Student: 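Below is the structure I would like to discuss, written out as structure tokens.
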Amino acid sequence: MLVHCRSKDNDLGVHYVRFNNKYEWGFKPNIWLRTLYWCYLAPSGGRYLNFDAYNSKIGERNRDFPIYWIAKEDGVYQRILDNDMRTRDVFQHPWKSGR
């Protein structure tokens, strides 16, 4: 799967991630609470997705790190840690057709 994530100031480059592997990076939100990272994902089969991976303006600044995004057959999920310390994947975005 092609993965390209960036912010206004940092382009993390294009990466190709194999099935059951991961791509990760780290950052610190800026002090003005204006940190935004967005990603473009393109698995095989003529599908893609552009989405905000982190946006401090919509409450992400109060989240615990790390934040996990999981690509599955039907779209992208966010991995959530429940109050009972178990994880679950919550559907967030369907794939779009095309490139």
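Computed from a prediction, not measured in an experiment: that's the story for all the values here.
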Student: Looking at residues at least two apart in the chain, or sitting in another chain, which of them share a side-chain contact (heavy atoms from CB on, under 4.5 Å) with Tyr16?
Tutor: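 Residues passing side-chain contact (heavy atoms from CB on, under 4.5 Å) with Tyr16: Leu2, Val14.
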
Student: Does any non-hydrogen side-chain atom of Leu36 lie less than 4.5 Å from one of Ser7?
Tutor: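 Of all side-chain heavy-atom pairs linking Leu36 with Ser7, none is under 4.5 Å.
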
Student: Just wondering, do Tyr37 and Asn10 contact through their side chains at under 4.5 Å, heavy atoms?
Tutor: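 Heavy-atom side-chain distance check passes, below 4.5 Å.
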
Student: Quick one: side-chain contact (heavy atoms from CB on, under 4.5 Å) partners of Asn20, sequence neighbours excluded?
Tutor: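 Expected list: none.
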
Student: For Tyr23, check ring pair (Phe, Tyr, Trp, His ring centres under 6.0 Å) against everything at least two apart and list the hits.
Tutor: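 Scan of Tyr23 (ring pair (Phe, Tyr, Trp, His ring centres under 6.0 Å), adjacent residues dropped) gives His15, Trp25.
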
Student: Find the distance between OG1 (Thr87) and OH (Tyr68) and round it off to the nearest 0.5 Å.
Tutor: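 Atom-to-atom, Thr87:OG1 and Tyr68:OH are 9.5 Å apart.
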
Student: For Trp95 and Gly75, which heavy atoms make the closest approach, and how far apart are they?
Tutor: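 For Trp95 and Gly75, the tightest heavy-atom pair comes out as NE1-N, 3.1 Å.
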
Student: Taking side-chain hydrogen bond (donor to acceptor under 3.5 Å, both in side chains) as the definition, give me every residue that meets it alongside Asp89, ordered by chain and number, with sequence neighbours left out.
Tutor: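 Here the qualifying residues are Lys72, Arg79.
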
Student: Just jot down the salt bridge (charged side-chain N to carboxylate O under 4.0 Å, His left out) partners of Arg18, sequence neighbours excluded, or say none.
Tutor: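 Counting only residues at least two positions away or on another chain, Arg18 forms no salt bridge (charged side-chain N to carboxylate O under 4.0 Å, His left out).
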
Student: Could you tell me which residues satisfy salt bridge (charged side-chain N to carboxylate O under 4.0 Å, His left out) with Asp9, sequence neighbours excluded, listed by chain and number?
Tutor: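 So Asp9 forms no salt bridge (charged side-chain N to carboxylate O under 4.0 Å, His left out) with any residue.
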
Student: In chain order, what residues pass the side-chain contact (heavy atoms from CB on, under 4.5 Å) check against Phe51, with sequence neighbours excluded?
Tutor: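 By the side-chain contact (heavy atoms from CB on, under 4.5 Å) rule, Phe51 matches Cys39, Leu41, Leu49, Ala53, Trp69, Val76, His93.
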
Student: Drop me the distance from Tyr48's OH to Met1's CE, to the nearest 0.5 angstrom.
Tutor: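 So the OH of Tyr48 and the CE of Met1 are separated by 15.5 Å.
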
Student: Identify, with sequence neighbours excluded, every residue that meets salt bridge (charged side-chain N to carboxylate O under 4.0 Å, His left out) alongside Asp11.
Tutor: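 Asp11 satisfies salt bridge (charged side-chain N to carboxylate O under 4.0 Å, His left out) with Arg6 only.
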
Student: Just so I know, are the side chains of Arg88 and Gln78 near enough to count as touching, which here means a heavy-atom distance under 4.5 Å?
Tutor: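 They are not in contact (no side-chain heavy atoms under 4.5 Å apart), so the answer is no.
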
Student: Is there a path of hydrophobic side-chain contacts, each under 4.5 Å between heavy atoms of I, L, V, M, F, W or Y residues, that connects Trp38 with Tyr40?
Tutor: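 No, no single cluster joins them.
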
Student: Got a second to check how far Leu81's CG is from Ile67's CD1, nearest 0.5 Å?
Tutor: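 Going from CG on Leu81 over to CD1 on Ile67, the span is 12.5 Å.
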
